[in-house]
Amino acid sequence: MSLKRALHFVFKVGDRAKTATFYRDVLGMRILRHEEFEEGCKASCNGPYDGKWSKTMVGFGAEDDHFVAELTYNYGVGEYRLGNDFLGLTLQSSRAVSNARRLGWPLSEAGEGIYLAEAPGGYHFYLLDKQQPSEDPVQKVSLAVSDLPRSTHYWSSLLGMQVLEKNAEKKTVLLGFANNQCKLELQDIGGTVDHGTAFGRIAFSCPRQQLRDIEAVMKKENQKILTPLVSLDTPGKATVEVVILADPDDHEICFVGDEAFRQLSVMDPDGETLLDNAMAADKSDEWFAKQNKQKATA
């Protein structure tokens, strides 16, 4: 079994309240932890912004064995431009389908027993209308690529993912570090990948000692390293080490030391309350309205 594991995908959100409704009430995820920061992240976890921001981890279960979403909210930024880079996240949950119908959240058919739900910000979620499994319901994250053989080589030969499935007709390749983890699907779109300003980041963990090896391979192969190995502090919690890469289409990839990350990602029983309190205390919408201004569109 691979020592690397898929952790989460980072979404930038402009409307925290609507986003929380989607993940909690439609998908049925839980708030695993919530943190507020006064200044930008050294590894640009919140994008290229220096101001106040928050991070909310949401998922169907603990981060030790579930693939989750990291929602980053930059105070003062109300909207991001979506590109064609993120194609969707697929999960199995008839409960999510029934939740969407009950709440009047728009659904469209995307295949037999598959429904497309759009999260605030335009992110696509594909819901398989089958009983939610006892293990992680999140099956795969789909990303666009411009040259499928080149990207497959990068993710398999350089990063060590197994090629699990190829579909020549759909121009897709499915990869993973292990069968019991969320998979990565690459789809050739036959053109340039546009990341917009909403560009996300996919994160994986590995044993701490492998971080320098990963960095060394990328240097040797003349691949992009966005953030060389760096330590990130979270007040009152574990300090983690990360290295941030970019694949041939500039998809951001974070590798984090697994040992410290497991300490950092322990579920916080106060996560729900912390998020709700932060949203209640956020008067930025009111301030912009009083000033007859709109929040920035990134």
Side-chain angles (χ1 to χ4, degrees), residues 2 5-11 13 18-32 56-71 82 84-145 148 155 161-189 198 200 202-204 251:
S2 173
R5 62 189 180 100
L7 298 179
H8 56 255
F9 194 85
V10 181
F11 297 95
V13 303
K18 287 183 180 178
T19 297
T21 296
F22 177 76
Y23 284 92
R24 287 196 285 199
D25 300 339
V26 177
L27 297 185
M29 289 183 174
R30 300 162 62 189
I31 305 301
L32 305 174
T56 308
M57 310 302 293
V58 295
F60 289 102
E63 293 174 68
D64 275 355
D65 50 15
H66 288 74
F67 189 85
V68 309
E70 177 178 320
L71 311 176
L82 202 62
N84 62 4
D85 54 341
F86 176 78
L87 299 180
L89 184 148
T90 300
L91 61 92
Q92 179 177 318
S93 175
S94 56
R95 188 181 308 163
V97 174
S98 62
N99 287 344
R101 287 173 173 155
R102 175 174 51 83
L103 296 170
W105 200 278
L107 290 176
S108 58
E109 291 191 22
E112 187 175 348
I114 305 174
Y115 295 91
L116 169 63
E118 199 171 280
Y123 304 110
H124 285 181
F125 282 72
Y126 291 93
L127 312 180
L128 305 185
D129 195 7
K130 296 180 180 179
Q131 183 176 350
Q132 185 172 309
S134 56
E135 64 273 11
D136 189 5
V138 179
Q139 296 190 346
K140 65 181 179 182
V141 171
S142 301
L143 301 178
V145 299
L148 190 56
W155 287 91
M161 274 191 156
Q162 304 171 45
V163 176
L164 304 173
E165 188 179 301
K166 292 184 178 181
N167 188 316
E169 183 180 351
K170 293 183 178 179
K171 297 182 179 179
T172 61
V173 170
L174 188 69
L175 305 104
F177 284 122
N179 284 324
N180 63 344
Q181 296 181 18
C182 175
K183 312 303 189 300
L184 173 67
E185 181 181 64
L186 305 177
Q187 180 170 0
D188 197 323
I189 60 172
I202 192 165
F204 304 90
H251 290 290

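These values consider heavy atoms only, across backbone and side chains, with no hydrogens, waters or symmetry-generated copies.
- Remark: Tyr115 pairs with no residue by the ring-ring contact (aromatic ring centres under 6.0 Å, His included) rule, at least two apart or across chains.
- To the nearest 0.5 Å, atoms CZ (Phe177) and CD (Gln162) are separated by 9.5 Å.
- The distance from the CD atom of Gln131 to the OG atom of Ser93 is 9.5 Å, given to the nearest 0.5 Å.
- Every residue was checked against the ring-ring contact (aromatic ring centres under 6.0 Å, His included) condition with His8, not counting sequence neighbours, and none meets it.
- Looking at Thr56 and Tyr23, their side chains never come closer than 4.5 Å, going by heavy atoms from C-beta outward.
- Closest of all the heavy-atom pairs between Asp85 and Gly200 is OD2-N, 4.3 Å.
- Below 30°, between 30° and 60°, or above 60°: for Phe11 and Phe86 the angle between ring planes is above 60°, a perpendicular geometry.
- Residues Gln181 and Arg5 come closest through the heavy atom pair OE1-CA, 3.2 Å.
- Applying the side-chain contact (heavy atoms from CB on, under 4.5 Å) criterion to Leu87, with sequence neighbours excluded, gives Ser142, Ala144, Gln187.
- For an aromatic pair to be called close, the ring centres must be under 6.0 Å apart, and Tyr123 with Phe125 fails this.
- Of the possible polar contacts, none joining the Asp188 side chain to the Lys171 backbone as a donor-acceptor pair under 3.5 Å is found.
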message: Please evaluate residues Thr90 and Leu128 with respect to the criterion side-chain contact (heavy atoms from CB on, under 4.5 Å), reporting the C-alpha separation (whole Å), side-chain torsions for both, the decisive distance (0.1 Å), and the verdict.
response: CA-CA 7 Å; Thr90 300; Leu128 305 185; 4.1 Å; yes

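- Of the possible polar contacts, none joining the Glu165 side chain to the Leu174 backbone as a donor-acceptor pair under 3.5 Å is found.
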- prompt: Step by step, would you call Leu143 with Phe9 a side-chain contact (heavy atoms from CB on, under 4.5 Å)?
  reply: CA-CA 11 Å; Leu143 301 178; Phe9 194 85; 4.0 Å; yes

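- Every side-chain contact (heavy atoms from CB on, under 4.5 Å) that Ala62 has, sequence neighbours left out, goes to Asp65.
- In this structure, CG on Asp64 lies 9.5 Å from CG on Leu7, to the nearest 0.5 angstrom.
- Closest of all the heavy-atom pairs between Val68 and Leu32 is CG1-CD1, 3.6 Å.
- Atom CD of Glu63 sits about 11.5 Å away from atom CG of Asp136, to the nearest 0.5 Å.
- Distance check, rounded to the nearest 0.5 Å: CG of Leu186 to OG1 of Thr172 gives 9.0 Å.
- In terms of heavy atoms, His66 sits closest to Pro137 at CD2-CD, 4.5 Å.
- In this structure a side-chain-to-backbone donor-acceptor pair under 3.5 Å is present from Trp105 to Glu118.
- For Lys140, the salt bridge (charged side-chain N to carboxylate O under 4.0 Å, His left out) criterion is met by Glu185, not counting sequence neighbours.
- Summarising the local packing, CZ of Arg95 is surrounded by 12 or fewer heavy atoms from other residues, nucleotides or ligands at distances under 6.0 Å.
- Taking each heavy atom of Leu103 and Asp25 in turn, the nearest pair found is CD1-O, 3.6 Å.
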task: Report the C-alpha distance between Val141 and Cys182 in whole Å, list the side-chain angles of each, state the deciding distance to 0.1 Å, and finish with yes or no for side-chain contact (heavy atoms from CB on, under 4.5 Å).
output: CA-CA 7 Å; Val141 171; Cys182 175; 4.1 Å; yes

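- Residues satisfying the side-chain contact (heavy atoms from CB on, under 4.5 Å) test with Leu116, not counting sequence neighbours, are Ser108, Ala110, His124, Tyr126.
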- request: Just do the side-chain contact (heavy atoms from CB on, under 4.5 Å) check on Leu127 and Leu107 with the steps written out, would you?
  value: CA-CA 9 Å; Leu127 312 180; Leu107 290 176; 4.1 Å; yes

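- Minimum heavy-atom separation, Phe67 to Leu89: CE2-CD1, 4.3 Å.
- The shortest side-chain heavy-atom distance between Glu135 and Asn180 does not fall under the 4.5 Å cut-off.
- Here Phe22 contributes atom CZ and Met29 contributes atom CE; the two are 8.0 Å apart, rounded to the nearest 0.5 Å.
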